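Beneath this line is the structure, given in structure tokens, with notes to follow.
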Amino acid sequence: NQKKLSEFYEELKRLNINVIRPDINKSFADFSSDGKNLYYALGAIKNVGFEAISNIVNNRMKNGEFKNLLDFINRIYHKDINKLQLEGLVQAGAFDKLNKNRQSLFNSIPNLILKSKNIHENKSINQIDLFSKDEIKDNFYIEKKDEWSTDIKLNKEFESLGFYISD
């Protein structure tokens, strides 16, 4: 319930409890706490399914934090993430530590999904991608765009979370 989450968030701020924004490398599928911080649940982001995000969190717990977006799409099974889920994660700022430019990421989602499918198809037939090292260096699957203005960024964040968490 987005309205209740907004009320809870305001109450946590009033109590001076630190809420960690959605982060693909820190947050969990459900809300969690380490005693000092409350980590926003990735599963609470609009259009992000709890089961799919649980698989992603399990991968992170087992294999370590995601180093970059290519590492993320290499490690995540392409059926665990779809366009709507990626849009929600990007709009909520879950990838901000990997790439701060949300508009570039948002516009690159079709490229990321296609790349993920190609990676997993190649793995399934045991084929090696000769160009993968160039992709890491050039990031050609990420469109170069100016960052969203603060207003647009906050509106997108509101769409995915139901309230403003970063400003």
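Just so you know, residue 1 is the first one in the sequence shown, and it goes up from there. The shown structure was predicted, so the numbers you read here are calculated from the model rather than taken from an experiment.
- Within the 4.5 Å cutoff, side-chain heavy atoms of Tyr39 are placed close to those of Asp34.
- Linking Ile, Leu, Val, Met, Phe, Trp and Tyr whenever their side-chain heavy atoms come within less than 4.5 Å leaves Tyr77 and Met61 in two separate clusters.
- Residue Asp30 holds its CG atom at 12.0 Å from CD1 of Ile53, rounded to the nearest 0.5 Å.
- At least one side-chain heavy atom of Phe72 sits under 4.5 Å from a side-chain heavy atom of Ile24.
- Taking 4.5 Å as the limit, some side-chain heavy atom of Ile109 sits within range of a side-chain heavy atom of Ile113.
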Item to check | Step-by-step side chain to side chain contact (heavy atoms under 4.5 Å, CB included) determination, Asn25 to Lys97 | outcome: CA-CA 8 Å; Asn25 279 325; Lys97 297 257 172 79; 5.6 Å; no
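- Shown here for Ser27 and Val57, the closest heavy-atom pair between the two residues is O-CG2, 4.0 Å.
- The two residues Tyr40 and Arg21 make their nearest non-hydrogen contact at CB-C, 4.2 Å.
- Cation-pi geometry between Arg60 and Phe28 is met: under 6.0 angstrom from the ring centre, within 45 degrees of the axis.
- Using a 4.5 Å cut-off on side-chain heavy atoms (C-beta onward), Phe66 and Ile56 make contact.
- To the nearest 0.5 Å, the span separating CZ on Phe95 from CZ on Phe106 amounts to 12.5 Å.
- One N or O on the side chain of Asn59 and one on the backbone of Arg75 form a donor-acceptor pair closer than 3.5 Å.
- Atom-to-atom distance recorded for Glu87:CD and Asn82:CG is 9.0 Å, nearest 0.5 angstrom.
- Taking the side chain as every heavy atom from C-beta outward, Gln85 and Asn47 never approach each other to under 4.5 Å.
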Checklist entry - Between Leu38 and Ile20, is a side chain to side chain contact (heavy atoms under 4.5 Å, CB included) present by the stated rule, with each step listed? => result CA-CA 6 Å; Leu38 178 75; Ile20 304 298; over 6 Å; no
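- Nearest heavy atoms, Ile81 versus Ile76: CG2-CG2, 4.2 Å.
- Among all heavy-atom pairs drawn from Ser54 and Ala29, the shortest one is OG-CB, 3.4 Å.
- Using a 4.5 Å heavy-atom threshold, the side chains of Leu89 and Val48 count as touching.
- There is a path of hydrophobic side-chain contacts, each under 4.5 Å, that joins Leu105 to Ile152.
- Between Lys36 and Asn18, the closest side-chain pair of non-hydrogen atoms is not below 4.5 Å.
- Residues Glu65 and Lys26 form a side-chain contact, since some pair of their non-hydrogen atoms from C-beta on lies under 4.5 Å apart.
- Counting non-hydrogen atoms of neighbouring residues, nucleotides and ligands closer than 6.0 angstrom, the CD atom of Glu11 exceeds 12 such neighbours.
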